[in-house]
Amino acid sequence: MDDIELLSQVKADDREAFNSLFLKYHPLLSDFCRFLGINSDDGEDVIADVFLDLWVKRERVLIHSSLKSYLYGAVKNRVYTLKGKNQKMQLLPEEFASDKAISDHLRPDEMLFRKDRRLIIERFVDELPEQGRLIFMMNWQHQLDYQEIAEILNISPNTVKTHIYRSVNYFRKRLLFVK
Amino acid sequence: MAYMDEHHYLLIIGYLEGKITEEETQYLLQKVQTDKEFSDAFEDIAEIWSARKAIPNNSSKANDALARLNKKIDSLEASGSASKNGLVETRHPITIIRKLRPILTVAASILVLAGAFWLYKAKLSNKPAGTLTMTEKHTAPGEKKKIDLPDGTVVTLNASSSLYIANTFGDDKREVYLDGEAFFDVKRDPQKPFIVHTGKIATQVLGTHFNVSAYQNDSNITVSLVQGKVQVDMNNDPSKRIILDPGKQMTYSKANHQAHVTDFIAEDITGWKENKLVFNYDSWPDAAKKLSRWYGIPVQLRDSTLLRCKLKGTFDNIPLAKVMEQIKMVADVSWQMQGNKMIISGKCN
């Protein structure tokens with residue numbers, strides 16, 4: 001069942017449809033929260049609040065393009081509010097900070113497997129400027145389309161495309177050095 | 001680095017995401033053949049895109065979070081018009097207290113990398129979300145397994161595949177979940193329909209022989225009917241239901257969510273059961289995935305020009321080097337091993 005059908009059932013007070021939506025988006029939104037730099041307990045609270053709000057407001061909630069962009073947008077707004085209140089949280093959680101300390105030198109055998117390739121790409125992603133990094137991850141990892149990202153971040157779809165283009169160009173330059 | 005414009009990058013990304021039109025695909029494939037800059041960019045971007053990881057789907061964590069949320073909602077609504085964050089809830093609280101039932105309809109989210117160059121056995125899960133308990137059967141690359149289900153049905157599981165059998169199997173339905181490829185010889189029982197779930201596709205039968213191929217990293221799901229009758233449902237949408245006759249096969253494209261029905265030759269589809277590695281006009285990326293599953297090693301295509309070629313042939317359970325030797329006799333390709341990974345290069349002729 002797709003999001004539109006589920007949402008219309010939620011609007012008709014169907015808790016099971018609501019539960020399906022929660023289970024579908026929980027893993028994605030947890031990963032997104034983690035990426036936005038908050039710890040997993042805060043992430044859980046944010047996700048629960050967003051869904052609680054969706055349930056409470058189910059009759060009057062307006063979804064512009066997709067439920068997916070609505071949920072990501074709501075999570076992003078709450079995380080930003082939270083981070084604004086507590087500047088400390090802008091630091092990456094420790095378990096990710098340690099990842100970043102890995103040296104830039106790659107052993108040739110590190111290139112062999114996709115897992116390692118992923119780590120390399122993730123390292124490149126970390127090197128991007130903040131906005132570019134967020135946009136690239138939303139598109140690449142979270143498979144939000146250009147229009148959805150534009151709505152969530154309140155920028156134009158063309159700006160989103162330009163960011164993606166620049167990020168990919170940057171990765172290609174970086175890849176030259178590890179090949 | 002030479003100049004490649006934004007439009008071209010987005011076209012390549014669109015191709016990898018399966019989001020471009022047939023016309024654009026033709027243009028892209030032609031560019032890959034003729035334009036070195038373009039094919040270099042294609043390879044780089046395919047590499048970046050295939051490095052994408054699956055977002056971990058921790059269903060027990062999600063279920064716990066959901067249980068907490070439901071408690072919160074229940075207490076909010078039980079208090080009649082409770083308020084939180086200034087929001088006032090005035091809905092009828094009687095309808096609310098419904099037990100959380102396991103949710104069968106939610107298939108795990110799938111990351112499909114259409115046309116990706118890097119093939120590696122990703123342990124994504126095609127299990128349904130929810131709290132159902134399941135019996136799991138897996139095959140390693142190159143391995144095949146015969147599984148006897150409690151109702152007398154026999155399932156032959158192809159390499160790198162997983163079959164999940166609901167513990168409620170046989171109660172009023174016989175439901176299984178498949179990630180990979182399997183041949184089903186279903187024991188007839190008109191009272192209890194047998195249902196194979198594969199992502200958005202559910203195949204329902206009463207008793208018959210059929211093959212389902214639904215690897216997570218393949219771009220299509222195919223259901224091929226040898227005998228009997230099967231009913232295929234897409235996205236739970238009865239208007240899209242397809243009934244297959246023997247000798248017919250349904251191919252569902254995950255990219256555009258369209259299905260079409262064609263004829264098939266039994267050996268091309270079920271040859272794997274007799275240890276025959278069959279390429280049935282497979283594109284090189286598909287053939288590489290098959291080799292990878294059959295022989296249990298990562299297989300990489302070095303030249304994007306190979307994308308255009310198709311392979312047809314049957315190999316009788318022979319070693320990988322022999323298979324490649326025979327392919328080499330008819331196609332302009334070479335290969336090398338790098339560690340345990342095979343790299344195939346060459347071009348279409």
Original post:
Can you name the residues that form a side chain to side chain donor-acceptor pair (under 3.5 Å) with B/E24, not counting sequence neighbours?
Top reply: B/T21

Subject >> side chain to side chain donor-acceptor pair (under 3.5 Å) involving A/S8 - partner list, sequence neighbours excluded >> reply: none

Original post:
By a 4.5 Å heavy-atom criterion (distance strictly below it), what part of B/I48 contacts chain A: side chain, backbone, both, or neither?
Top reply: both

Subject >> Distance, nearest 0.5 Å, that separates CD1 of A/I135 from CZ of A/R133 >> reply: 12.0 Å

Subject >> Per-residue contact mode, A/D2 against chain B (heavy atom under 4.5 angstrom) >> reply: neither

**OP:** Examine whether an atom of A/Y25 lies under 4.5 Å from a heavy atom of chain B, and if so say whether it belongs to the side chain, the backbone or both; otherwise answer neither.
**Re:** neither

Original post:
Would you call the rings of A/W140 and A/F136 parallel, tilted or perpendicular if under 30° counts as parallel and over 60° as perpendicular?
Top reply: parallel

